[in-house]
Amino acid sequence: MKRLLVLNGPNLNLLGKREPGIYGHGTLDDAVKLARETATEKGIEVDEYQSNHEGELIDAIQQAEGKYEGIIFNPAAYTHTSIGLRDAISAIEVPVVEVHISNVHQRESFRHHSMLAPVCQGQIVGFGLLGYRLAALALIESLEGRR
Ligand code: DQA
């Protein structure tokens, strides 16, 4: 059975309570559910992992090699700072889709730049939790060779 990993970075465990004007009222479980529904329809399993710690996210990316067909990754604040996460993504063959719930380009200028986007397969920004579903669809369709 093919598997995808939904990986979430710092503070995303607080979704639903955290700045609802920006991130909405949906929870992290809701986000994972959207990705899982789309994957299940295609016979693909979804695992999830969230950490507030950069090194743990790096470990999860390294360990994804050989285990997952793709990673849906919201790196949260580390998007804008982390060379370590970028190097981890570059070190594996597994395709990564970067997701942001909010439209980072409408926000502070420090959120406009992603350290990770150049080494990801693609980026989905600004569609709320739906971005997790769109990322699952994009990964699965590209795995099936439709892109
Ligand atoms: C975020 C955007 C980041 O700039 C921010 O640090 C987050 C969430 C998003 O999903 O919109 O924590 O990744």
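Side-chain atoms are counted along with the backbone in the values below, which use heavy atoms only and exclude waters and symmetry mates. Read the numbers this way: they start at 1 and go in the same order the structure lists the ligands and their atoms.
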Between N52 and E54, does any side-chain donor sit less than 3.5 Å from a side-chain acceptor?
no
Look at the rings of H112 and H105 and say which category their plane angle falls in: under 30° parallel, 30 to 60° tilted, over 60° perpendicular.
tilted
Quick check for you: to the nearest 0.5 Å, what is the distance between L5 atom CG and Y68 atom OH?
5.0 Å
For ligand 1, would you mind listing the residues that have at least one heavy atom less than 4.0 Å away, ordered by chain and number?
R18, Y23, N74, A76, A77, H80, H100, I101, S102, V104, R111
Is a side-chain N or O of E65 found less than 3.5 angstrom from the main chain of E93, in a donor-acceptor match?
yes
The complete set of salt bridge (charged side-chain N to carboxylate O under 4.0 Å, His left out) pairs with one or both residues in residues 22-40, sequence neighbours excluded, reads E37-R133
Between E98 and T79, is there a side-chain donor-acceptor contact under 3.5 Å, judged purely by atom types and distance?
no
